[in-house]
Amino acid sequence: YECPKCRTELVLRADLVRKKLNRQDLRSWPCENCKWKKYKSDAEKANLEIIKKAENTHNLIYKFKECGHKQEIAKQYVRNEEFQCRQCLEIKLEKEANLKGLTIVGKSSDIGFRIYKFLDCGHQSELRFANIRASIQKNDKPYKCQACYNERLARDASETGLILYGERSG
């Protein structure tokens with residue numbers, strides 16, 4: 001058989017061709033050449049370059065033309081342009097953390113969070129990176145350490161003869 005779109009040879013079983021004909025489904029044929037043309041077109045529109053196939057058949061390994069980083073991305077995400085360079089994101093998040101007196105020491109199990117270390121005191125806290133970004137827009141002061149604040153509340157209470165129940169959070 002021959003693909004009606006690109007004229008490359010298709011190796012198809014006759015019974016599958018008959019089934020498609022009976023269903024009046026003549027729009028698409030399983031042509032690898034046409035699929036790859038579409039993947040390349042999608043990548044080009046998204047400013048990516050296809051490097052190779054990935055182990056997961058739904059994904060490909062792409063190179064970002066803008067930064068040169070390589071990443072495995074689902075073909076559908078590329079088609080819909082719903083992706084970003086993870087390496088560039090981490091670099092950006094670290095720069096934002098540094099502006100607020102923090103450094104990232106690890107990832108969280110929650111996608112919108114990172115584990116940050118406060119450079120002044122050494123405490124670590126799981127924080128939403130959107131809150132760090134919002135804090136940058138508000139002011140240039142360091143992000144406040146909740147552990148230090150709670151220690152100060154407990155110390156102030158103790159110095160005045162009071163007992164502090166619980167900790168302030170958020």
Side-chain angles (χ1 to χ4, degrees), residues 28 30 32 34-170:
S28 63
E32 283 299 309
C34 288
K35 282 184 199 175
W36 277 94
K37 279 183 182 177
K38 178 69 174 141
Y39 300 154
K40 285 178 183 177
S41 170
D42 292 344
E44 193 63 37
K45 286 179 193 167
N47 205 23
L48 298 170
E49 178 185 327
I50 297 173
I51 302 299
K52 63 181 182 177
K53 290 182 179 182
E55 284 186 33
N56 180 334
T57 58
H58 297 287
N59 300 348
L60 292 172
I61 308 295
Y62 296 90
K63 178 180 175 183
F64 289 83
K65 289 182 179 178
E66 194 172 305
C67 63
H69 293 132
K70 295 175 185 171
Q71 183 174 311
E72 183 173 331
I73 309 172
K75 293 176 264 192
Q76 179 179 342
Y77 292 166
V78 172
R79 185 177 313 117
N80 298 335
E81 296 188 36
E82 297 171 345
F83 62 89
Q84 63 183 347
C85 176
R86 281 187 231 113
Q87 286 177 276
C88 287
L89 173 64
E90 292 304 321
I91 291 166
K92 180 179 181 180
L93 294 177
E94 184 62 38
K95 284 179 182 175
E96 291 172 348
N98 292 167
L99 288 173
K100 297 307 278 182
L102 305 163
T103 188
I104 296 174
V105 294
K107 286 192 174 184
S108 170
S109 57
D110 190 334
I111 197 165
F113 290 76
R114 294 292 182 276
I115 300 168
Y116 291 89
K117 179 179 178 180
F118 290 83
L119 297 175
D120 287 345
C121 63
H123 287 121
Q124 292 185 10
S125 185
E126 186 177 54
L127 303 170
R128 183 182 301 273
F129 58 76
N131 292 351
I132 304 299
R133 190 169 289 150
S135 176
I136 291 168
Q137 292 171 351
K138 281 185 194 173
N139 60 53
D140 59 357
K141 296 177 187 172
Y143 203 80
K144 291 192 175 158
C145 174
Q146 198 62 52
C148 287
Y149 182 73
N150 286 329
E151 287 172 4
R152 193 178 94 225
L153 288 178
R155 189 174 51 250
D156 291 350
S158 175
E159 287 174 2
T160 57
L162 297 171
I163 298 172
L164 180 67
Y165 292 107
E167 292 182 343
R168 181 179 183 271
S169 63

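Using a 4.5 Å heavy-atom cutoff, the side chains of E151 and H123 are in contact. Residues I73 and L60 form no side-chain contact, since every pair of their non-hydrogen atoms from C-beta on lies 4.5 Å or further apart. Within the 4.5 Å cutoff, no side-chain heavy atoms of K92 are placed close to those of K95. When side chains are defined from C-beta on, Y116 does not count as touching V105, because their heavy atoms never get closer than 4.5 Å. Inter-residue side-chain proximity for E94 and E90 is flagged as unmet; no heavy-atom pair is nearer than 4.5 Å. A 4.5 Å side-chain heavy-atom check between E44 and I50 finds every atom pair outside the cut-off. Looking only at side-chain heavy atoms (C-beta outward), D42 and K75 stay at 4.5 Å or farther from each other.
In this structure, CG in L48 is found 12.0 Å from CD1 in I61, a value given to the nearest 0.5 Å. Expressed to the nearest 0.5 Å, how far CD of Q87 lies from NZ of K70 amounts to 10.5 Å. With rounding to the nearest 0.5 Å, the separation of OG1 in T103 from CG in L93 is 11.5 Å. In this structure, CD1 in I104 is found 10.5 Å from CD1 in I115, a value given to the nearest 0.5 Å. We find the CZ-OG distance between F129 and S108 to be 10.0 Å, quoted to the nearest 0.5 Å.
Of the possible polar contacts, none joining the S125 side chain to the L127 backbone as a donor-acceptor pair under 3.5 Å is found. Side chain of K63 to backbone of H69: no donor-acceptor contact under 3.5 angstrom is found. Counting only distance, with no hydrogens or angles, the side chain of K141 and the backbone of S135 share no donor-acceptor pair below 3.5 Å. The main-chain N or O of R86 is found under 3.5 Å from a side-chain atom of Q71 such that the two form a donor-acceptor pair. Between the side chain of E49 and the backbone N or O of K65, no donor-acceptor pair lies under 3.5 Å. Formation of a donor-acceptor pair under 3.5 Å by the T160 side chain with backbone atoms of D156 is found in this model.
Of all the heavy atoms in R133 and E96, the pair that sits closest is NE-OE2, 2.9 Å. The two atoms that bring D140 and K100 nearest to each other are C-NZ, 4.1 Å, heavy atoms only. Counting all heavy atoms, side chain and backbone alike, L102 lies closest to I132 at CD1-CD1, 3.5 Å. Of all the heavy atoms in F83 and F64, the pair that sits closest is CE1-CE2, 3.6 Å. The shortest heavy-atom contact between I51 and Y62 is CG1-C, 3.9 Å. The two atoms that bring N59 and A74 nearest to each other are OD1-CA, 3.1 Å, heavy atoms only.
Summarising the local packing, CD of E159 is surrounded by more than 12 heavy atoms from other residues, nucleotides or ligands at distances under 6.0 Å. Residue E72 places its CD atom among more than 12 non-hydrogen atoms of other residues, nucleotides or ligands, all under 6.0 Å distant. Within a 6.0 Å radius of OH in Y39, more than 12 heavy atoms belonging to other residues, nucleotides or ligands are found.
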